[in-house]
Structure formats: C-alpha cells, structure tokens
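On a predicted model such as this, the values are computed, not experimentally measured, just so you know. Whatever order the structure lists ligands and atoms in, that order sets their numbers, starting from 1.
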Amino acid sequence: MTVSVFIGTSVDGFIARRNGDLDFLPEGGGEPHGYNEFMASVDAIVIGRTTFETVLAFPAWPYGDKRVVVLSSRPVALSAVRGGVVEQMAGPPAEIVAKLAASGAQHLYVDGGITIQGFLRAGLIQRLIITRVPVLIGDGIPLFGTLPHDVRLHHVTTEQYPSGLVKSEYRVAA
Ligand SMILES: NC(=O)c1ccc[n+]([C@@H]2O[C@H](COP(=O)([O-])OP(=O)(O)OC[C@H]3O[C@@H](n4cnc5c(N)ncnc54)[C@H](OP(=O)(O)O)[C@@H]3O)[C@@H](O)[C@H]2O)c1
C-alpha cells in the first residue's frame, strides 16, 4: 500500500483561506502539472469532511467514478453526491488504511489539511507532492501542523511551470 498527498499551497503554506476560499489557487487547477496522471494511479481518495463539503459545492463532482472515502465522526449526507462512488469511514488512520488495503486498494490519495496531518502523525504517508502557487496569503488553513517528532523527507524531484507553479515530490524516510 502506498499513501500519497497531492496538494496545492500558497508559498506561505496555506491550502485554503480561513473561510475555506480557494480563490488564490489558479482556476481549474492551473496549467497541467500531473494531477490527471496522479489521479489515474490512485485506487481510492480519502478526504476530510471539510474538503468533502468544499467539493460538494463545485458545479460537478470532481472525482468521477473513483472510490471516495469521506472521514467524519458524525453522519455525513452522502446522498448529495450524484454519480460518484462515496462511502464514509471514521477512526484511527491506521485502521482506515488497513480496511482499504483489505478491500484491495493499493494506492490511496489523502486530502484535506487536518486529515493529512493525522495520517502524517500516524506515519502512514509515503509520498508528498506539493505544488506551490506563486502567492503569499498571510493567513489560512495550513497544510502542516504539529508533529510528535521530525519527519525526514527525501527530495525526489522538483518541476517548475511557466505560470510559476513549482511542484516538489518528497518521499517520507522510513
Ligand atoms: N489547496 C488544495 O489543494 C486543497 C486540497 C484539499 C482541501 N483544501 C481545502 O482545505 C480545507 C481543508 O480543511 P481542513 O484541513 O480543516 O479539513 P479536512 O481535513 O478536509 O477535514 C477535517 C475533518 O475530517 C474529519 N476527519 C479527519 N480525519 C478523521 C478520522 N481519522 N476519523 C474521523 N474523521 C476524521 C473530521 O470531521 P468531523 O469534524 O466531521 O469529525 C475533521 O474535522 C478546505 O477548505 C478544503 O477546501 C485545499
């Protein structure tokens, strides 16, 4: 099982404004920077409830028929999703990964700040692909948070794009 993060941030490390606005990110995901190829390699997407609520408000469900797992400790109205494959789970990240592995998933895409932080703290993320958008927003929802200890990373590759996007891939050291 591989667990990956693929996310866009401001240069100062925020994934959304405090109110959840994503207006500082390039419209439509910006110039192609490997998202479609990454998505094609993923068996299931694990998102936090806040991210789920954000994507529900998009004009169309962005994940097609890919399996999506929404994490929340309370009931979530999944019926609002039309045309998607969505289920809900809750609990320690290790249990969620074990359940998904047992059901055949080999590559998970974990998304949402709090959710990513929980999986990182549990030592369950192997790959971080972070695309920095050339803007400082000063305040917002951070990608990263506190950790019980340092997490060493190996830099795999960094690519720059004409629009100013800079995508870096890291592998979490064992
Ligand atoms: N820049 C980007 O590329 C990007 C990508 C993704 C998201 N975003 C944005 O970033 C913001 C994300 O917000 P966020 O960091 O506050 O939240 P989040 O990770 O999307 O959602 C957090 C919620 O997920 C639930 N959750 C997480 N782990 C859980 C677990 N192990 N078991 C049960 N429930 C669990 C909890 O819901 P309950 O409180 O219901 O229990 C928690 O409050 C949103 O505005 C989103 O649109 C941006």
Side-chain angles (χ1 to χ4, degrees), residues 1 3-39 42 44-63 66 68-78 80-81 84 86-101 105 108-125 127-148 161 163-170:
M1 169 71 87
V3 183
S4 300
V5 167
F6 190 112
I7 199 158
T9 75
S10 62
V11 168
D12 46 358
F14 298 110
I15 59 172
R17 294 194 194 274
R18 282 280 163 212
N19 65 2
D21 266 7
L22 302 171
D23 60 321
F24 63 95
L25 298 175
E27 221 165 303
E31 70 182 307
H33 59 283
Y35 181 76
N36 293 342
E37 294 80 355
F38 170 77
M39 275 295 265
V42 158
I45 304 161
V46 179
I47 57 176
R49 195 236 329 140
T50 311
T51 297
F52 173 68
E53 285 169 358
T54 301
V55 300
L56 253 193
F58 289 176
W61 180 245
Y63 303 123
K66 193 77 82 178
V68 175
V69 178
V70 179
L71 301 187
S72 178
S73 54
R74 45 189 144 125
V76 176
L78 301 178
V81 177
V86 197
E87 65 203 281
Q88 184 182 346
M89 289 188 189
E95 281 178 19
I96 291 158
V97 170
K99 244 187 245 175
L100 287 164
L108 301 184
Y109 169 16
V110 173
D111 207 12
I114 287 175
T115 303
I116 291 168
Q117 290 168 27
F119 278 68
L120 258 181
R121 274 196 294 272
L124 292 166
I125 306 272
R127 276 170 90 213
L128 291 169
I129 301 164
I130 301 168
T131 302
R132 275 165 292 150
V133 175
V135 64
L136 301 170
I137 65 169
D139 187 25
I141 297 175
L143 171 54
F144 296 117
T146 59
L147 288 167
Y161 297 86
S163 66
L165 299 182
V166 178
K167 182 179 77 172
S168 294
E169 175 173 348
Y170 298 92

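- Listed by chain and number, residues touching ligand 1 at under 4.0 Å (heavy atoms only) are Ile7, Gly8, Ile15, Ala16, Gly20, Leu22, Leu25, Gly48, Arg49, Thr50, Thr51, Thr54, Leu71, Ser72, Ser73, Arg74, Ala90, Gly91, Ile96, Asp111, Gly112, Gly113, Ile114, Thr115, Ile141.
- Here the shortest heavy-atom pairing between Leu136 and Asp12 reads CA-OD1, 3.5 Å.
- Remark: the Arg49 side chain and the Thr115 side chain contain no N/O donor-acceptor pair separated by less than 3.5 Å.
- With rounding to the nearest 0.5 angstrom, the CZ atom of Phe52 is 5.5 Å from the CG atom of Leu78.
- The pair Asp23-Arg17 meets the salt-bridge criterion, with a side-chain N (NZ, NE, NH1 or NH2) lying under 4.0 Å from an Asp/Glu carboxylate O.
- Considering only residues two or more places apart in sequence or on other chains, Glu31 meets the side chain to side chain donor-acceptor pair (under 3.5 Å) condition with Ser163.
- For Phe38 and His33, the ring centers sit 6.0 Å or farther from each other.
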